[in-house]
Amino acid sequence: NAGVTQTPKFQVLKTGQSMTLQCAQDMNHNSMYWYRQDPGMGLRLIYYSASEGTTDKGEVPNGYNVSRLNKREFSLRLESAAPSQTSVYFCASSERGQAVTQYFGPGTRLLVL
Amino acid sequence: GDSVTQMEGPVTLSEEAFLTINCTYTATGYPSLFWYVQYPGEGLQLLLKATKADDKGSNKGFEATYRKETTSFHLEKGSVQVSDSAVYFCALSVNTGGFKTIFGAGTRLFVKA
């Protein structure tokens with residue numbers, strides 16, 4: 001099992017460009033998440049999908065959109081990148097429930113110039 | 001609102017020293033508590049968890065006890081190794097009409113040989 005995979009690993013964008021971050025999991029999990037990690041701020045939830053066909057905003061959704069393509073895949077799109085979106089982005093998945101473990105991908109490092 | 005507060009790092013210790021990383025939380029309802037670890041260049045992975053008061057989570061020599069009276073979940077290890085150098089995140093999960101996980105800011109640990 002590959003677990004949670006993310007592409008690309010690293011990306012440089014210019015302000016105003018768009019891009020899509022891809023995430024896939026092979027653990028048959030219902031729930032998937034997108035986080036951003038910034039120094040001193042821990043992980044902040046951007047969007048999540050509790051189950052296939054549903055998506056909801058997290059703490060910091062502005063400037064992002066998501067698509068839950070199927071049970072395996074959950075993509076994050078930046079329509080018009082801004083320097084404030086420079087960050088490391090993590091995708092995670094889990095079963096539904098309060099005490100469940102989240103499984104994280106290796107991250108995408110994004111630099112917006 | 002729900003939140004997690006961790007001691008600021010970095011924490012620098014010599015090999016075989018005793019480790020404590022403090023974590024306190026604020027939550028409505030009755031949360032589950034987690035410690036995740038992030039090694040350099042990787043995503044987060046679960047270290048241990050506890051789901052009810054007085055539960056002790058343990059793994060790889062690390063321990064944490066769910067203390068409801070002090071709303072704390074401090075991480076301890078009796079003898080750290082160089083390989084324990086990483087960033088440690090305390091997190092809670094609550095059911096607020098959907099399951100939400102909140103992460104602390106993370107504490108970086110350096111262990112010197």
Side-chain angles (χ1 to χ4, degrees), chain A residues 1-7 9-10 21 23-25 27 29-51 53-61 68 87-109, chain B residues 1-10 21 23-25 27-53 55 57 59 64 66 73 86-108:
Chain A
N1 288 351
V4 180
T5 57
Q6 293 182 236
T7 55
K9 284 188 166 51
F10 180 71
L21 282 66
C23 173
Q25 52 93 8
M27 294 173 281
H29 285 159
N30 286 300
S31 301
M32 297 186 74
Y33 314 82
W34 277 106
Y35 294 92
R36 59 178 289 172
Q37 183 180 29
D38 301 294
M41 302 189 76
L43 272 73
R44 292 182 293 169
L45 184 65
I46 304 171
Y47 271 94
Y48 67 100
S49 172
S51 59
T54 68
T55 60
D56 287 286
K57 295 179 180 179
E59 181 185 356
V60 288
R68 182 77 183 264
S87 188
V88 181
Y89 291 85
F90 288 100
C91 178
S93 71
S94 74
E95 283 301 339
R96 295 199 70 192
Q98 178 167 315
V100 297
T101 299
Q102 292 194 16
Y103 294 84
F104 285 80
T108 294
R109 189 172 295 274
Chain B
D2 304 320
S3 64
V4 175
T5 303
Q6 293 182 233
M7 63 187 287
E8 288 191 25
I21 300 178
C23 171
T24 57
Y25 68 88
T28 52
Y30 202 15
S32 297
L33 301 174
F34 305 81
W35 278 101
Y36 283 83
V37 59
Q38 183 181 30
Y39 298 104
E42 298 183 9
L44 280 70
Q45 55 186 274
L46 180 71
L47 182 59
L48 53 84
K49 68 180 180 183
T51 58
K52 61 183 188 296
D55 264 3
N59 186 26
Y66 189 142
F73 193 54
V87 182
Y88 293 81
F89 291 90
C90 186
L92 67 82
S93 176
V94 290
N95 184 356
T96 55
F99 299 107
K100 178 173 65 171
T101 300
I102 295 170
F103 290 86
T107 301
R108 184 175 295 276

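Just so we're on the same page: letters track the sequence lines, and every chain starts at 1. Computed from a predicted structure; not experimentally measured.
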If we define contacts as heavy-atom pairs under 4.5 Å, which of A:G107, A:P106, A:S31 has the most with chain B?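 The candidate making the most pairs under 4.5 Å is A:P106.
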
When rounded to the nearest 0.5 angstrom, what distance separates CG in B:L48 from OG1 in A:T101?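 Interatomic distance, B:L48 CG to A:T101 OG1, rounded to 0.5 Å: 10.5 Å.
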
Got a second to check how far B:Q38's CD is from A:F104's CZ, nearest 0.5 Å?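 Reported to 0.5 Å precision, the distance equals 9.0 Å.
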
Residue list, ring-ring contact (aromatic ring centres under 6.0 Å, His included) with A:Y47, at least two apart or on another chain: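 Partners of A:Y47 by the ring-ring contact (aromatic ring centres under 6.0 Å, His included) criterion come out as none, since no residue qualifies.
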
Among the listed options B:G43, B:G41, B:G104, the residue most often paired with chain A at heavy-atom distances under 4.5 Å: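 The residue among B:G43, B:G41, B:G104 with the greatest pair count is B:G43.
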
Option that, when pairs with chain A are counted at under 4.5 Å, heavy atom only, ranks first among B:I102, B:L44, B:V87, B:L46: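 Most heavy-atom pairs under 4.5 Å with chain A: B:L44.
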
Checking side-chain contact (heavy atoms from CB on, under 4.5 Å) for the pair A:Q37/B:F89: CA distance, chi angles, key distance, verdict? CA-CA 12 Å; A:Q37 183 180 29; B:F89 291 90; 3.2 Å; yes

For B:Y36 and A:V100, work out which heavy atoms get closest and say how close.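 Taking every non-hydrogen atom into account, OH-O, 4.4 Å.
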
Part of A:L43 lying under 4.5 Å from any heavy atom of chain B: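 Contact with chain B is through both the backbone and side chain of A:L43.
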
Answer with side chain, backbone, both or neither: which region of A:F90 has an atom nearer than 4.5 Å to a non-hydrogen atom of chain B?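 Contact with chain B involves the side chain of A:F90 alone.
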
Would you say CD of B:E42 has more than 12 non-hydrogen atoms from neighbouring residues, nucleotides or ligands within 6.0 angstrom?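 Buried by this count: over 12 neighbours within 6.0 Å.
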
Taking only residues two or more places apart in sequence, or in another chain, which ones meet A:R44 in a salt bridge (charged side-chain N to carboxylate O under 4.0 Å, His left out)?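 With neighbours one apart ignored, the set is A:D38.
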
If you apply the rule side-chain contact (heavy atoms from CB on, under 4.5 Å), what do you find for A:Y48 with B:T101, and how did you get there? CA-CA 11 Å; A:Y48 67 100; B:T101 300; over 6 Å; no

